[in-house]
There are 2 protein chains.
Amino acid sequence: MEAEYGTILLASGQPKTVEEGQKTMSKGRYIILAVLCGTVALAVGVIIGWFSKSSLTEEDRVALDKFRALVRGADETVGNTIMDEIDSERIRENLRELTKKPHMAGTAPDHEMAELIRQTWLDNGLDEARLVPYDFLLSYPPMGEMGPNNTAVTVDGTDFEFEDTRTAHIEPELQGDPDAPQFFYAFSPPGNPVGELVFANYGRPQDFEYLEKNASINCTGKIAIVKYGREGRGTKATNAAAVGAVGIIIYPDPADVNVPGGQVYPDGWFLPGTGVERGSTLSDPGEPLTPGYPATDYAYRKPLGDVDVFPPIPILPISYNDAQEYLLRLSGEEVPSGWNGSLPITYRLGPGFTDDWAAREVRINVYTNTTIQRVYNVIGMIKGRVEPDRYVMFGNHYDAWVQGAIDDTSSTAISLELTRVMGNLLKEEKWRPRRSVVFAAWGAEEFGLFGSMEYVEQYAKLLGERLVTYVNMDVGVAGNYSLAVGASPSLRNAIFEATKRIPSPHNDPDKTVYDDWAQGEETPYIGGITLSTDHSSFALRVGTPVMTMAYDYDKTGYPTGTSYPVYHTGYDNMDVMERFVDPDFSVHRALARTAGELLRYLSDEVLLPLEWEQYVPVLTASLNATVTDYGTAFEEQGISLDGLASAIQNFSDAAAEFKNVMDRIDKDNPIQARIVNDQLVAVNKAFIDTNRQHVFFKHVLFSPAYCTLGTSNSFPGIVDAMCGGPQGEGWEEVKKQVAAISFTIQSAADVLNDVDSIAGPK
Amino acid sequence: MEAEYGTILLASGQPKTVEEGQKTMSKGRYIILAVLCGTVALAVGVIIGWFSKSSLTEEDRVALDKFRALVRGADETVGNTIMDEIDSERIRENLRELTKKPHMAGTAPDHEMAELIRQTWLDNGLDEARLVPYDFLLSYPPMGEMGPNNTAVTVDGTDFEFEDTRTAHIEPELQGDPDAPQFFYAFSPPGNPVGELVFANYGRPQDFEYLEKNASINCTGKIAIVKYGREGRGTKATNAAAVGAVGIIIYPDPADVNVPGGQVYPDGWFLPGTGVERGSTLSDPGEPLTPGYPATDYAYRKPLGDVDVFPPIPILPISYNDAQEYLLRLSGEEVPSGWNGSLPITYRLGPGFTDDWAAREVRINVYTNTTIQRVYNVIGMIKGRVEPDRYVMFGNHYDAWVQGAIDDTSSTAISLELTRVMGNLLKEEKWRPRRSVVFAAWGAEEFGLFGSMEYVEQYAKLLGERLVTYVNMDVGVAGNYSLAVGASPSLRNAIFEATKRIPSPHNDPDKTVYDDWAQGEETPYIGGITLSTDHSSFALRVGTPVMTMAYDYDKTGYPTGTSYPVYHTGYDNMDVMERFVDPDFSVHRALARTAGELLRYLSDEVLLPLEWEQYVPVLTASLNATVTDYGTAFEEQGISLDGLASAIQNFSDAAAEFKNVMDRIDKDNPIQARIVNDQLVAVNKAFIDTNRQHVFFKHVLFSPAYCTLGTSNSFPGIVDAMCGGPQGEGWEEVKKQVAAISFTIQSAADVLNDVDSIAGPK
């Protein structure tokens with residue numbers, strides 16, 4: 001007690017001494033009094049202190065914790081962890097495992113791979129990983145030695161073939177591999193047409209027109225041999241059939257795939273004379289029997305005879321070694337200067353052969369046929385912490401024509417590593433993103449985007465409600481030069497920001513992936529939305545903001561109009577990747593990091609980093625192109641673009657005003673954040689016009705124009721109407737399209753307007 | 001100081017007395033000591049008390065307030081205030097003001113009314129109220145004395161008319177009113193066809209078939225006179241034209257509109273012999289020139305010649321007084337027993353007249369013509385407190401053929417009162433709902449739901465994203481018997497709950513609107529979604545949960561197949577309302593209260609009171625009807641319903657599982673509530689199949705079947721395919737429809753599944 005009393009006194013800085021005996025008794029009483037006073041005062045003080053402070057009840061604490069969790073921003077250090085943990089050697093081992101076998105869609109190795117991906121994702125710690133099954137109409141070459149698919153020179157015009165002239169049906173290295181598909185173009189009709197050979201350059205309409213008009217060659221009953229590139233495979237067949245040809249052979253001329261002096265595989269990554277590009281020939285992407293609906297159980301399947309997207313005549317690819325044997329013996333006049341390739345021969349038009357092959361014809365043996373096959377998409381999921389019903393999706397296709405080390409197994413290898421790193425963060429409870437992250441491995445992309453398109457058809461409603469961004473990767477690592485990106489305008493800045501945080505794979509510590517990509521320009525180049533890969537269905541049917549990314553090679557000196565040299569051949573393998581493309585897998589690592597950072601950023605920020613004002617320059621450019629390309633014709637027809645200009649101006653005004661909305665909102669109010677996020681996604685979806693005729697191409701800006709002759713940068717609906725696309729022809733159709741596009745742009749402006757836009761214009 | 005010290009001592013319950021002089025000095029020092037001790041102890045105590053309690057910082061307080069506002073539930077006392085404040089006399093005065101003039105869509109009084117509504121809503125305190133303008137193709141009779149529209153008996157087959165036989169062109173009471181439209185059917189082609197009169201019962205296909213087959217009457221070149229009801233107006237004209245008739249007259253037989261012995265206006269509310277029902281004749285609702293897009297500035301408008309929804313021959317309504325003059329002079333055999341009406345004549349088939357009119361023909365003079373007219377929707381808004389981007393909408397049409405006291409000005413009068421009461425709560429800052437409440441007054445409903453349909457076309461994206469329920473009112477007060485409701489399955493319980501809280505208008509304090517409505521049954525009857533009024537476009541194009549409500553009369557003893565007696569005539573006026581329908585406006589009050597309570601309930605509850613499991617019995621009933629109606633035929637054709645049954649089972653399972661989700665969610669987490677609310681709305685929208693061919697009828701359950709002969713309760717797509725609707729005919733089409741419907745139902749199950757449904761089936 002004393003001590004305590006003394007302590008308190010000392011604490012007050014006023015120590016006192018005790019002096020007298022008699023006074024001690026009295027002093028004692030007073031000390032007791034003082035102690036009592038002090039004790040009571042202490043208690044009273046505690047009470048005053050307690051009550052003078054606002055209370056935080058347990059209920060408050062729970063509420064506050066809940067609230068703070070709802071508005072907690074992204075943790076950038078997680079991005080660093082993801083970056084640090086991504087391991088190039090693991091990606092290498094993934095790729096080695098995944099490229100062991102050819103894995104064409106619907107085959108046993110393809111099914112094994114789907115299951116491997118699913119199991120790996122589960123093992124890696126994703127919350128869900130499932131196979132989503134479909135039954136697709138695919139097209140296969142004869143298997144093993146059956147058939148085989150080839151071409152040959154006939155003996156004296158009879159059914160017999162001149163044995164030595166039979167072309168190869170597979171790369172020699174793959175001979176005997178039960179999983180390796182013969183040379184074929186998917187969905188070619190089977191058949192054995194015979195005819196004189198004519199050389200038709202790239203098989204474009206103007207090429208056949210030249211043959212008929214300038215060289216007086218009637219193609220009726222002929223077999224056309226054409227170079228690969230510049231025009232779709234199936235379109236070449238359609239063009240050939242239109243002039244009466246009965247079959248078409250495509251070969252990759254070295255001039256179109258290799259670089260002069262470039263070493264061919266196995267000495268380099270250029271295409272050897274034994275390699276052949278496989279590919280699909282459909283005139284429209286998507287599973288052909290089930291347009292508009294997914295090819296699932298109970299789906300309605302069109303009768304095969306009603307399908308109108310197949311090429312009309314047999315079509316087959318052969319190697320340039322084999323092509324050379326034919327071309328060097330072609331008779332007829334020399335080709336015009338622009339038609340020459342780089343084979344060491346004199347290119348001639350034909351028809352028919354010279355010398356000992358004179359009067360002989362060529363037969364195409366196509367045993368390719370359609371078959372309904374089970375194919376899976378693999379879908380994995382990290383469930384979001386706060387907004388599990390908002391998805392950021394990452395996807396790539398896992399099927400390949402052969403091993404497809406570059407196309408697209410490199411992306412699958414990255415996806416497995418990404419899920420490992422993110423899964424670890426989940427397992428260690430270091431991270432769970434605000435939104436769900438969905439991983440997709442698409443089946444049967446090579447046949448025409450089947451997996452992703454059917455998935456979008458199947459889940460269009462859910463995706464429309466919930467998907468905030470789709471990030472695609474295809475032909476992931478084809479080189480070590482620079483990132484190559486195609487993206488919705490909304491995602492420009494998000495990609496820039498993410499790539500600025502990723503070190504360049506070029507061992508230059510001062511450089512980032514962004515720097516490599518910008519190549520000295522102010523901002524890097526971002527391409528538009530094309531039909532080339534799996535992001536298109538999300539963009540064109542649902543309107544999701546999308547991007548696709550890859551690391552590309554320096555194309556200086558390369559031919560234009562074709563892909564990398566061993567694309568879709570049996571030489572797109574692990575060996576090419578390890579020796580020529582990405583020996584230390586640093587590019588894979590950089591790409592994985594870029595994808596990881598994007599997913600983290602998009603899934604974890606309270607406010608979605610989506611831009612809206614980037615649509616303004618896109619719209620303006622399309623309007624300007626319309627005026628440039630068709631302005632005079634429209635004026636003559638009394639077709640006004642005032643409505644279009646007015647809608648674009650309204651969108652532009654709404655976009656400017658929306659900046660103020662963004663400044664005004666309370667970023668610590670989770671509902672306000674969600675409202676704004678919903679608007680940011682909705683403005684992308686608003687460019688969808690469900691009245692558009694094609695079951696998939698509903699986007700008024702990014703849909704492809706049907707008419708390949710339409711090279712205008714105007715809106716696709718206008719281009720189509722101008723060139724007589726399937727919506728109908730003529731000026732009435734042009735007027736309809738102008739009005740439909742104007743309305744759709746206006747509806748996007750309405751989405752950006754504040755919530756009272758529904759009450760009509762102010 | 002003393003006092004304070006003493007106070008503290010007293011407070012401690014140990015008072016001390018002071019005794020000696022000498023001791024006083026010493027005592028004084030000890031007292032100082034004690035005071036010091038006490039002071040110090042008090043300060044320390046305050047500090048201990050302060051720190052021993054968890055802190056609630058200002059920041060915490062702001063956060064807590066914000067959080068609690070986000071999860072604050074609805075305040076039921078607001079419902080009582082709304083109920084108390086709704087004033088029948090104000091509704092009466094509104095209706096008196098609004099029915100002063102005829103206000104057909106697009107006329108000056110119609111524009112004045114739109115502006116009156118907008119201004120009243122603003123004055124009442126809505127946050128926004130705007131006119132949303134359109135330019136609609138309407139159809140008007142000749143104005144004033146021009147024309148006029150009538151029929152007459154020709155003089156000796158010449159162009160001259162037999163004067164006394166000219167039918168009336170307007171109700172005598174409206175003669176001279178510049179705003180009152182002559183008798184007409186909108187969108188009739190103009191023309192003056194002449195022909196012998198034939199009586200064709202209701203003008204249905206079977207009626208014309210009887211004439212041709214049983215009575216050997218060839219209708220070619222004839223004018224048909226038919227009774228009103230049982231078949232659409234335009235369809236009667238189509239049926240007549242199909243057998244060669246050149247014109248058609250429709251009259252309301254008293255047997256079809258009145259009750260035997262019922263007093264006609266002005267002595268009662270039954271239709272006098274001078275009244276004529278006006279109406280629209282389009283075969284498909286929606287503005288005819290702009291299908292798929294709103295009829296706004298810059299819209300593409302079809303050439304008039306391409307419109308295929310107009311009746312093929314002139315069609316005109318006449319009164320039963322005038323019809324009697326014709327019918328009593330008809331020649332030919334007597335009608336079969338089922339064809340008789342209740343006019344005091346012998347009904348005969350014709351063709352042509354007897355006696356002094358023998359050999360005379362009838363000419364129809366239709367000067368009705370189309371015109372593009374400005375029409376407004378009026379849209380008002382109370383912005384939501386927490387989720388302003390979620391809308392609960394209330395709407396009714398404000399246009400009328402004449403004064404339209406019942407149809408639908410009674411609803412407009414209610415809407416004005418509702419906004420006054422809700423606006424007062426806003427002004428007094430007593431209430432602001434969680435979600436936005438949107439009020440709509442639709443233009444040109446009478447011409448074919450133009451205002452609401454074009455609005456839905458215009459804002460389909462915003463409505464799809466944001467609208468959680470649309471509540472419609474039409475022919476608001478036609479009687480005092482019972483509520484009549486058509487609604488989406490999701491809204492059943494919400495309507496039941498709301499009506500249980502509203503006292504019956506029948507002065508029985510123990511009864512509610514619900515009790516009147518249930519009529520002794522366990523639950524009241526709720527009808528389905530029809531094309532009859534403005535809710536259909538929300539339901540069929542967007543998939544919004546909708547309902548329409550009205551108070552109806554007791555139809556016991558009334559004829560079936562027609563509306564209330566003075567429907568669409570010049571006698572649907574204030575006088576009828578005040579003297580016969582709702583003299584004390586207690587029914588208007590009960591209906592306004594019901595609407596108000598519904599809007600409060602739907603806009604203010606944290607969790608939307610939408611059901612999802614109510615779709616299960618609807619789906620099951622449709623499947624059963626399919627089996628009953630077509631099962632045998634399908635079996636013969638090898639068409640399986642397994643996919644449909646499986647999808648319905650999956651939906652049913654998902655619905656059951658969703659109950660668990662609802663139990664599991666944290667109702668105090670505003671994001672979780674929003675997620676579930678989004679799902680509750682989305683499951684309704686999921687029944688939309690955008691691939692359906694009609695621009696508007698996208699709902700696989702509630703869309704009308706095109707084929708009127710299809711009376712099956714199966715899915716409309718199947719009914720259409722079975723009867724050769726416009727989607728195409730035959731068994732392939734049936735298979736397609738079965739698959740499309742199965743898929744769409746499955747997609748609704750996917751929406752109900754937990755957020756990982758996007759990862760495919762488990």
Side-chain angles (χ1 to χ4, degrees), chain A residues 8 12 14 16 30 33-34 36-38 40-42 44-50 53-56 60 63-64 66-67 70 128 130 132 292-293 298-300 379 381 386-389 459 461-462 465 643 669-671 675 682 686 690-691 735-736 739 742-743 747 750-751 755-756 758-760, chain B residues 8 12 14 16 30 33-34 36-38 40-42 44-50 53-56 60 63-64 66-67 70 128 130 132 292-293 298-300 379 381 386-389 459 461-462 465 643 669-671 675 682 686 690-691 735-736 739 742-743 747 750-751 755-756 758-760:
Chain A
I8 290 172
S12 78
Q14 292 175 345
K16 299 285 165 186
Y30 283 111
L33 175 65
L36 280 171
C37 290
V40 168
L42 182 69
V44 169
V46 168
I47 291 164
I48 290 172
W50 179 273
K53 186 169 168 187
S54 299
S55 66
L56 181 74
D60 288 343
L64 269 177
K66 194 182 291 181
F67 180 69
L70 293 178
E128 298 277 351
R130 301 197 199 136
V132 187
Y293 299 93
Y298 307 122
Y300 170 77
I379 306 290
M381 197 170 192
V386 175
E387 297 182 89
D389 70 331
Y459 293 109
K461 280 158 198 158
L462 281 177
E465 296 268 337
N669 175 330
I671 293 287
I675 290 171
T690 54
N691 289 326
K735 286 180 200 167
K736 268 189 216 176
S742 306
F743 164 71
S747 78
D750 292 338
V751 166
V755 288
D756 57 0
I758 203 139
Chain B
I8 291 172
S12 78
Q14 291 172 349
K16 299 284 167 187
Y30 286 110
L33 173 66
L36 281 169
C37 291
V40 169
L42 181 69
V44 169
V46 167
I47 290 164
I48 291 171
W50 179 273
K53 183 170 171 186
S54 298
S55 65
L56 179 73
D60 288 343
L64 270 177
K66 196 184 287 182
F67 181 69
L70 293 178
E128 298 277 351
R130 301 196 200 136
V132 187
Y293 300 94
Y298 307 122
Y300 171 77
I379 305 291
M381 196 169 195
V386 176
E387 298 182 89
D389 69 332
Y459 293 109
K461 281 160 197 158
L462 282 177
E465 296 268 336
N669 175 330
I671 293 287
I675 290 172
T690 54
N691 289 326
K735 288 180 198 166
K736 268 189 215 175
S742 306
F743 164 71
S747 77
D750 292 338
V751 167
V755 288
D756 58 359
I758 202 140

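In what follows, chains are A, B, ... by sequence order, proteins preceding strands, each numbered from 1. These figures come from a predicted structure and were not determined experimentally.
Heavy-atom distances place both the backbone and the side chain of E387(A) under 4.5 Å from chain B. Heavy atoms of F743(B) lying under 4.5 Å from chain A belong exclusively to its side chain. Proximity to chain A (any heavy atom under 4.5 Å) is shown, for I675(B), by both the backbone and the side chain. In this structure, chain B has a heavy atom under 4.5 Å from the backbone of A299(A), while its side chain stays farther away.
Per-residue heavy-atom pair counts under 4.5 Å with chain A were compared for V386(B), V44(B), D389(B), and the maximum is reached by D389(B). Of the residues considered (T690(A), V132(A), L64(A)), L64(A) shows the highest number of contacts with chain B, using heavy-atom pairs under 4.5 Å.
Shortest non-hydrogen contact noted between A739(A) and Y300(B) is CB-N, 3.3 Å. Nearest heavy atom pair, residue P670(A) against residue L70(B), reads CD-CD1, 3.7 Å. Minimum interatomic distance between G292(B) and N691(A) (heavy atoms only, all atoms of both residues): O-ND2, 2.9 Å. Nearest heavy-atom pair, K461(B) versus S747(A), reported as atom, atom and distance to 0.1 Å: NZ-OG, 2.8 Å.
Considering only residues two or more places apart in sequence or on other chains, D60(A) meets the salt bridge (Lys or Arg N to Asp or Glu O under 4.0 Å) condition with R68(B). In this structure K735(A) satisfies the salt bridge (Lys or Arg N to Asp or Glu O under 4.0 Å) test together with E732(A), sequence neighbours excluded.
Here the CG atom belonging to L42(B) is positioned 8.5 Å from the CG atom belonging to L42(A), to the nearest 0.5 angstrom.
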